[in-house]
Visitor: 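Here you go, one structure.
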Amino acid sequence: MTRYLPFAALLLLGGCSSSSTWGWYVIDPTTASGWINIKFLVSGMGDTILISVIAAAISIALGLMVALPALSHRRWLRIVNRVYVELIRSIPLLPMLFWVFYGLPIIFRSMGLNIPIDPFWGAIITLALSDSAFTAEIYRAGIQSIPKGQHEASQTIGLSYAQTMRYVILPQAIRRILPPLANQFIYIVKMSAFASVIGMQELTRRANELVVTEYRPLEIYSLLIVEYLVLVLIISAGVRWLERRMSADERI
Amino acid sequence: MTETAIELVGVNKWFGDFHVLKDIDLTVGAGQKVVICGPSGSGKSTVVRCINRLEKHQKGTIRVNGTELRGDAQTIAAIRSEVGMVFQQFNLFPHLTVLDNLMLGPVKARGLTRAEAEKTARHYLARVHIPDQADKYPGQLSGGQQQRVAIARSLCMEPRVLLFDEPTSALDPEMISEVLDVMIELALDGMTMVVVTHEMGFARKVADQMVFMDAGEIVERGAPEEVFAAPKSDRCRKFLSQILQH
């Protein structure tokens with residue numbers, strides 16, 4: 001963290017100087033209005049984290065379900081996997097968000113279902129879908145890295161496919177899967193910023209709203225970047241810890 | 001020789017265009033030991049792997065203890081429950097202790113309680129002469145010990161037939177005999193065994209039937225003494241002279 005201090009100090013010094021191009025007062029914690037603004041901006045943190053965590057959890061489960069057909073002997077199952085991965089991977093996040101938020105309810109209605117999609121779930125569904133294609137590829141690579149002999153040995157002691165996956169393959173593959181999966185979480189956190197365009201009151205949306213009233217984009221967006229930086233640095237530290245633990249566990 | 005344990009009739013298999021098995025006929029009686037040898041690529045491993053359906057044969061019939069091996073999951077499961085297999089690369093589960101390696105099949109596939117499975121596991125660990133390694137991980141054992149754990153793991157499923165696919169080929173020379181000793185003990189106990197190996201000392205000692213394969217065919221078969229003393233085909237004679245003369 002210490003290496004970022006000079007950068008922060010520079011920004012602060014710039015703000016303290018009398019130059020008319022700086023207006024750090026908008027987020028100056030020593031003034032009452034500055035403190036209120038900071039609290040307003042940081043209060044989006046909860047929704048950003050909540051959206052990201054739920055989307056990641058769904059993506060982790062969905063990714064496994066998408067990855068398993070890729071390992072099948074049946075061609076059509078592998079094709080299903082391929083089509084899903086290529087399609088989802090090629091849709092930019094913003095169009096997918098619009099499709100889910102504005103389009104999906106129409107499909108639901110035409111099916112006679114009354115399922116409204118609010119910004120919160122719209123964002124989660126989009127992030128989870130978009131990320132699941134990548135998660136699936138991570139699972140596939142991890143599972144395929146386990147030698148074929150492990151499957152064969154499991155078969156010869158009578159384990160079913162599901163049992164082989166659960167007790168033999170996945171416990172070994174998870175060591176190789178978990179670090180890249182955690183890494184993928186950083187992607188979700190950053191992409192959750194798109195939820196602002198459908199009205200989700202997360203970090204970016206709050207920054208946008210404050211910019212409109214205070215007209216201080218440079219200062220407010222700088223703080224926004226620092227907010228994401230802090231989040232991502234915390235996750236990175238977690239990923240590194242996980243990688244160390246996983247390699248220490250290696251008994252092969 | 002009483003009943004038939006394994007019967008292969010006219011078995012053929014192709015890998016793409018490559019004809020790996022050509023009209024294989026092989027009968028193994030209950031309690032019999034068959035040793036299959038032959039140059040690499042001759043199809044000997046494939047024969048063994050077809051018996052428990054790790055490979056699928058395309059033509060001919062395979063029967064194990066009277067059950068014909070078909071594509072349906074039920075038959076495959078039934079046959080696999082009676083056939084154990086020991087691999088060249090051991091294929092132990094590296095994330096599980098030796099004891100858990102042995103108990104996984106009995107507990108998950110057979111539905112034994114952990115206590116029952118542990119009793120069986122310790123019994124067979126003692127039989128392969130490593131009762132004190134139960135709590136170690138495979139990576140902490142020598143190759144010879146790992147292969148004996150693999151044999152014990154197969155035995156825990158109480159199979160009627162054991163298949164060995166070059167069980168000593170991946171071992172350092174000084175560890176080969178500890179594995180062969182265990183296999184000889186099993187043979188003397190009456191286990192039905194089909195062994196792919198180049199260990200001709202083992203073959204002489206236990207085999208009822210020697211099978212020599214080359215280019216996907218069974219070229220020669222007979223009692224080990226006959227095959228060793230007077231190989232009928234040139235290919236077999238040449239192969240034996242190559243592996244016996246160092």
Side-chain angles (χ1 to χ4, degrees), chain A residues 60 64 67-69 71-78 138-182 241-252, chain B residues 45 48-49 51-56 71 73-74 76-97 100-112 117 136-141 149-150 152-159 161-165 170:
Chain A
I60 283 170
L64 180 60
L68 289 178
L71 309 161
S72 170
H73 295 293
R74 296 196 182 85
R75 213 170 103 86
W76 70 269
L77 279 174
R78 292 202 305 272
I138 292 172
Y139 275 115
R140 186 177 61 82
I143 292 169
Q144 281 177 340
S145 74
I146 303 301
K148 209 173 124 212
Q150 293 288 309
H151 289 271
E152 294 181 347
S154 308
Q155 286 173 8
T156 60
I157 58 166
L159 299 186
S160 67
Y161 175 75
Q163 288 172 328
T164 302
M165 277 295 159
R166 174 151 173 225
Y167 300 112
V168 178
I169 306 301
L170 286 177
Q172 294 182 64
I174 206 78
R175 278 155 217 228
R176 299 168 201 199
I177 289 170
L178 224 41
L181 218 50
W241 174 82
L242 205 61
E243 278 172 350
R244 269 201 310 277
R245 250 206 74 177
M246 288 288 143
S247 62
D249 256 10
E250 201 76 55
R251 296 190 194 87
I252 302 164
Chain B
S45 287
V48 168
R49 291 165 59 85
I51 295 173
N52 63 355
R53 194 66 166 201
L54 289 182
E55 303 282 356
K56 190 172 158 188
Q74 220 177 352
I76 295 174
I79 284 177
R80 281 184 185 153
S81 73
E82 301 190 334
V83 179
M85 181 147 181
V86 176
F87 300 88
Q88 183 178 352
Q89 301 295 340
F90 327 139
N91 295 344
L92 293 175
F93 307 131
H95 61 299
L96 299 178
T97 63
D100 285 332
N101 263 277
L102 268 56
M103 288 164 58
L104 188 61
V107 171
K108 301 301 173 194
R110 282 272 156 85
L112 262 60
K136 289 201 178 153
Y137 285 89
Q140 299 169 302
L141 304 181
V149 171
R153 180 175 65 181
S154 297
L155 291 174
C156 282
M157 296 303 289
E158 320 255 298
V161 174
L162 260 187
L163 308 174
F164 293 82
D165 187 3

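Since the structure is predicted, the reported quantities are computational estimates derived from the model, not experimental observations. In what follows, every chain begins at residue 1, and chains take the letters A, B, ... in the order their sequences are listed.
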Visitor: Is there side-chain contact between Glu152(A) and Arg49(B), with heavy atoms separated by less than 4.5 Å?
Guide: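 The answer is yes; the side chains approach within 4.5 Å.
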Visitor: State, with a plain yes or no, whether a side-chain heavy atom of Arg175(A) is found less than 4.5 Å away from one of His95(B).
Guide: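 Answer yes - side chains close enough.
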Visitor: Could you tabulate the donor-acceptor pairs under 3.5 Å formed by side-chain atoms of residues 139-146 of chain A, not counting sequence neighbours?
Guide:
unit_1: Tyr139(A); atom_1: OH; unit_2: Ile60(A); atom_2: O; d: 2.9
unit_1: Arg140(A); atom_1: NE; unit_2: Glu137(A); atom_2: OE2; d: 3.2
unit_1: Arg140(A); atom_1: NH1; unit_2: Gln144(A); atom_2: OE1; d: 3.2
unit_1: Arg140(A); atom_1: NH2; unit_2: Glu137(A); atom_2: OE1; d: 3.1
unit_1: Ser145(A); atom_1: OG; unit_2: Gly142(A); atom_2: O; d: 2.6
unit_1: Ser145(A); atom_1: OG; unit_2: Arg176(A); atom_2: NH1; d: 3.1

Visitor: Answer yes or no: are there more than 12 heavy-atom neighbours, outside Arg78(A) itself, under 6.0 Å from its atom CZ?
Guide: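 Count over threshold, so yes.
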Visitor: Do Leu163(B) and Thr156(A) have side chains that get closer than 4.5 Å, going by heavy atoms?
Guide: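 No, too far: nothing below the 4.5 Å cut-off.
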Visitor: Flag the one option from Gln89(B), Gln88(B), Met157(B) with the top tally of heavy-atom pairs under 4.5 Å to chain A.
Guide: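 The candidate making the most pairs under 4.5 Å is Met157(B).
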Visitor: Checking heavy atoms, do the side chain of Ser160(A), its backbone, both or neither come under 4.5 Å from chain B?
Guide: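 For Ser160(A), neither part sits under 4.5 Å from chain B.
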Visitor: Got a second to check how far Ile157(A)'s CD1 is from Asn91(B)'s CG, nearest 0.5 Å?
Guide: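 One finds 11.0 Å between CD1 of Ile157(A) and CG of Asn91(B).
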Visitor: Which atoms of Phe93(B) come close to chain A, meaning under 4.5 Å heavy atom to heavy atom: side chain ones, backbone ones, both, or neither?
Guide: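 Its backbone and side chain both get close to chain A.
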Visitor: Pick one of side chain, backbone, both or neither for Val83(B), based on which atoms fall under 4.5 Å of a heavy atom in chain A.
Guide: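 Backbone only.
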Visitor: What's the shortest heavy-atom distance between Ala109(B) and Gly158(A), and which atoms?
Guide: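 For Ala109(B) versus Gly158(A), the nearest heavy atoms are CB-O, 3.3 Å.
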Visitor: Does the Gln155(A) side chain pair with the main chain of Ala77(B), one donor and one acceptor, at a distance under 3.5 Å?
Guide: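 Side chain of Gln155(A) to backbone of Ala77(B), a donor-acceptor pair under 3.5 Å: no, none is there.
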Visitor: Looking at every heavy atom in both Gln150(A) and Leu92(B), which two are closest together, and how far apart are they?
Guide: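 Taking Gln150(A) first and Leu92(B) second, the nearest heavy atoms are NE2-O, 2.7 Å.
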